[in-house]
Amino acid sequence: MNLFPVFCALLALQGPKIPSQHLPDAPLPGKVLAKVDGVEIRAGDVEALLWDWRGYDVLQDLISFQLIRAEAEKKGVSVPEIEVLKIVDDQINATKASLPKDKDLDTALRERGFPRSRLYMRVKTDLMLQRIAEKEFQPAKFFLVSTMLFKPKSATAADVADAVKRAEAAFKRLGNGEKWEDVLKSTQEVQGLVESKGRLGWRTIDAFPEPTITELATAKAGDLTKPVQTGSGIQFFRIDSLGKDAKDRDLEEIRELYMANSRTEILERIKRKGKVDILR
């Protein structure tokens, strides 16, 4: 039985509505696709292997698409079809322009793992994820911070206690009015931190340890958080700026940072929440 038409019908009814120009014609089972020393290889010979070799990948793409589409509808976001088609056409044309004159375009697309149908689905999936991310963007979750780090010499309790003592002493000096740069130069062993004046840049609130997260909830620009143990050592942070107050270039910077990292996290979250039953 030739299952390719069934696959196309399912796409039309339930999955992504891929435009006909990006879907190949389904070969009949008896169609000869190649001859090797006179031995014919027919479409029916290929199909069963396609399900075994590529069926899982196609199914995962369809599952991701359906989950993301449902989330986009829930969030009230959409992607204009003309935008999807333009990007698909631009990528196809770019591929075409890079090929030798005697190279078939569709063959090249398949060799690269992105035939027209998959390219369309991937572009639309990525655009929907982008729209969801834009909808969820919250500048208030970002903080521009600097830090001082005190590394224990070893993992022993005595050395950890010594690092805590050094961190608390530096924290007290700042509280007594000493300048950040002066305390930094006299206490920091990591040369990169000294050169950057301790600046870490913009960080999301979930990048901090739990005690610091609690402090950030009411923090103001210029505040210091208390020393805590992190994966790097004993640290405290200075809040240089709040994302909720960001404007112009700062706002654009945290937006770019968020967009660069959020889509994978959103997809994983959607997959965790979604109910997917694999029946085959």
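Note that the structure is a prediction, hence the values are computed from the model and not measured.
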More than 12 heavy atoms of other groups within 6.0 Å of Ile82 CD1: no
query: Among pairs that include at least one residue of residues 139-158, which meet salt bridge (charged side-chain N to carboxylate O under 4.0 Å, His left out), considering only residues two or more places apart or in two chains?
result: none
query: Do Leu67 and Glu71 come within less than 4.5 Å of each other through their side chains, counting heavy atoms only?
result: no
NZ-CG distance between Lys172 and Asn176, expressed to the nearest 0.5 angstrom: 6.5 Å
query: Is there a side-chain contact between Val164 and Phe150 (heavy atoms, below 4.5 Å)?
result: no
query: Can you tell if the side chain of Phe208 reaches within under 4.5 Å of the side chain of Thr225, non-hydrogen atoms only?
result: no
Contact list for residues 179-204, test ring pair (Phe, Tyr, Trp, His ring centres under 6.0 Å), sequence neighbours left out: none
message: Please list all pairs meeting ring pair (Phe, Tyr, Trp, His ring centres under 6.0 Å) that have one or both residues in residues 98-117, counting only residues at least two apart or in different chains.
response: none
query: Heavy-atom distance under 4.5 Å between the side chains of Glu134 and Val77, does that happen here?
result: no
- request: Report yes if some heavy atom in the side chain of Arg116 is under 4.5 Å from a heavy atom in the side chain of Val88; otherwise report no.
  value: no
- prompt: How long is the span from the CG atom in Leu33 to the NZ atom in Lys35, to the nearest 0.5 Å?
  reply: 12.0 Å
query: Taking atom types as modelled, is there a side-chain donor on Thr187 or Arg173 under 3.5 Å from an acceptor on the other?
result: no
field: Nearest-0.5 Å distance that lies between atom CZ in Arg199 and atom CG in Leu193
entry: 13.0 Å
query: Going by heavy atoms in the side chains, are Arg238 and Met148 under 4.5 Å from each other?
result: no
message: Assigning hydrophobic clusters by single linkage (Ile, Leu, Val, Met, Phe, Trp, Tyr; side-chain heavy-atom cutoff under 4.5 Å), is Leu216 placed with Leu257?
response: no
- prompt: How long is the gap from CZ on Arg118 to OG1 on Thr125, to the nearest 0.5 Å?
  reply: 10.5 Å
query: When hydrophobic residues are tied together by side-chain contacts of less than 4.5 Å, even through go-betweens, does Ile87 share a cluster with Met121?
result: yes
task: Mind checking side chain to side chain contact (heavy atoms under 4.5 Å, CB included) for Gln235 and listing every partner two or more places apart, or none if nothing turns up?
output: Thr147, Leu149, Thr230, Ser232, Phe237
message: Strictly by side-chain hydrogen bond (donor to acceptor under 3.5 Å, both in side chains), give each pair with a member in residues 83-95 just once, sequence neighbours left out.
response: Glu83-Arg131, Lys86-Asp90
- prompt: Is Tyr56 atom OH crowded by more than 12 heavy atoms from other residues, nucleotides or ligands, each under 6.0 Å away?
  reply: no
query: So Ile239 and Val145, side-chain contact (heavy atoms from CB on, under 4.5 Å) or not? Walk me through it.
result: CA-CA 5 Å; Ile239 313 304; Val145 296; 3.9 Å; yes
- request: Hey, could you give me each pair passing side-chain hydrogen bond (donor to acceptor under 3.5 Å, both in side chains) that has a residue in residues 242-270? Not counting sequence neighbours.
  value: Glu136-Arg269
- prompt: So which heavy atom on Leu129 is nearest to which on Ile266, and how close?
  reply: CD2-CG2, 3.9 Å
- prompt: Can you tell me if Glu215 uses its side chain to pair, donor with acceptor, with the backbone of Lys226 under 3.5 Å?
  reply: yes
- request: Can you measure from CD1 (Ile132) to CG (Leu127) and round to the nearest 0.5 angstrom?
  value: 11.0 Å
- prompt: Leu184 and Leu200: same hydrophobic cluster, using ILVMFWY side-chain contacts below 4.5 Å?
  reply: no
statement: Between Ser78 and Pro80, the two heavy atoms sitting closest are O-CD, 4.0 Å
- prompt: In terms of hydrophobic clustering (I, L, V, M, F, W, Y; side-chain heavy atoms under 4.5 Å; direct or indirect links), are Val276 and Leu267 co-clustered?
  reply: yes
task: Please name the pair of heavy atoms, one in Ile254 and one in Pro139, separated by the smallest distance, quoted to 0.1 Å.
output: CD1-CB, 3.9 Å
task: Start with the C-alpha distance between Arg42 and Glu40, add both sets of side-chain angles, then the distance that settles salt bridge (charged side-chain N to carboxylate O under 4.0 Å, His left out), and finish with yes or no.
output: CA-CA 6 Å; Arg42 299 176 181 273; Glu40 295 178 343; 2.3 Å; yes
message: In this structure, would Ile41 and Trp53 fall into the same cluster of hydrophobic residues linked by side-chain contacts under 4.5 Å?
response: no
- request: Would you indicate whether the side-chain heavy atoms of Phe236 and Val228 approach each other to under 4.5 Å?
  value: no
- request: Determine, stepwise, if the pair Lys165 / Glu168 fulfils salt bridge (charged side-chain N to carboxylate O under 4.0 Å, His left out).
  value: CA-CA 5 Å; Lys165 183 177 180 181; Glu168 289 177 341; over 6 Å; no
- prompt: Charged N to carboxylate O below 4.0 Å: is that the case for Asp162 and Arg166?
  reply: yes
- prompt: Do Met259 and Phe137 have side chains that get closer than 4.5 Å, going by heavy atoms?
  reply: no
field: Nearest heavy atoms of Leu28 and Ala43, plus distance in Å
entry: O-CB, 3.2 Å
statement: Distance col, row Ile63:CD1 vs Lys271:NZ, nearest 0.5 angstrom, shows 8.5 Å
query: Hey, is the main chain of Phe143 close enough, under 3.5 Å, to the side chain of Arg203 for a donor-acceptor pair?
result: no
message: Test your reading of the model: is there a side-chain donor-acceptor pair from Asp223 to the backbone of Lys220, 3.5 Å cut-off?
response: yes
task: Can you see which heavy atom on Ala163 is nearest to which on Ile234, and at what distance?
output: CB-CG1, 3.7 Å
message: Between Glu210 and Ile213, is the side-chain contact (heavy atoms from CB on, under 4.5 Å) condition met? List the steps.
response: CA-CA 5 Å; Glu210 191 60 42; Ile213 291 176; 4.2 Å; yes
